[in-house]
Amino acid sequence: MSGKSLLLKVILLGDGGVGKSSLMNRYVTNKFDSQAFHTIGVEFLNRDLEVDGRFVTLQIWDTAGQERFKSLRTPFYRGADCCLLTFSVDDRQSFENLGNWQKEFIYYADVKDPEHFPFVVLGNKVDKEDRQVTTEEAQSWCMENGDYPYLETSAKDDTNVTVAFEEAVRQVLAVEEQLEHCMLGHTIDLNSGSKAGSSCC
Ligand SMILES: Nc1nc2c(ncn2[C@@H]2O[C@H](COP(=O)(O)OP(=O)(O)OP(=O)(O)O)[C@@H](O)[C@H]2O)c(=O)[nH]1
């Protein structure tokens, strides 16, 4: 890949076992391990990509979702450009915990302007038949908590995995663009409907 690459840090958060490591591994190595072990602390992998003509090196941080690893993961939240809040559609509790993950991220990443921070919500394991969370419920949560994009993924079947990471990049680029406009004193389009279209200045 040629051209100057923009380094973006995205972080995967969510309950233990929802499939964060599997999503990262599917995206970067195109592999799926049905016997994946729980993560301890954090791990990261890079992947280069091009989104809408921009060259990006995506640094994907995969965190340990189990509560006992909280002190090992939270120091790595700072500097993240986007947070992928992840739950598993066959695990209602993981969906109900999304708000806690959102708060934990905002606090430990020290996000100054949470209203404009790019979160993307992923409902993983859509290949499973025993769903406990409907698409509509998840979409409503996203709408009510910050108008976040929502994608249903399967690391196992490779459903929407690339789309999810590309969406994360698009959200970051859109916020950056909006900030540039704000700094230049341009008028923001309040009616555009997207995160990037909301007012910041
Ligand atoms: N059916 C199905 N199973 C999945 C999917 N993604 C992950 N799994 C399985 O779910 C289990 C947990 O996956 P992980 O990727 O380790 O989950 P995690 O969120 O990283 O878990 P922690 O490291 O504990 O935070 C593993 O057995 C995976 O094989 C999926 O999309 N579909």
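These numbers come from the heavy atoms of this one structure, side chains and all, not from hydrogens, waters or symmetry mates. Every value quoted in this text rests on a predicted model; they were computed, and no experiment measured them. One-based numbering, in listed order, for ligands and for the atoms of each.
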Residues 35-42 side chain polar contacts: donor-acceptor under 3.5 Å, at least two apart:
from  : atom 1 : to    : atom 2 : distance (Å)
Thr39 : OG1    : Ser21 : OG     : 2.8
Thr39 : OG1    : Asp62 : OD2    : 3.3

Is a salt bridge present between [X] and [Y], judged by a nitrogen-to-oxygen distance below 4.0 Å?
| X | Y | result |
| --- | --- | --- |
| Glu104 | Arg73 | yes |
| Arg92 | Glu137 | yes |
| Asp90 | Lys128 | yes |

Student check: side-chain heavy atoms of Val121 and Leu98 closer than 4.5 Å: yes
Got Gln66 and Phe69 here, is their nearest side-chain heavy-atom distance under 4.5 Å? yes
Compile the protein residues with any heavy atom at a distance under 4.0 Å from an atom of ligand 1; present them by chain, then by number. Asp15, Gly16, Gly17, Val18, Gly19, Lys20, Ser21, Ser22, Phe32, Asp33, Ser34, Ala36, Phe37, His38, Thr39, Thr63, Ala64, Gly65, Asn124, Lys125, Asp127, Lys128, Ser154, Ala155, Lys156
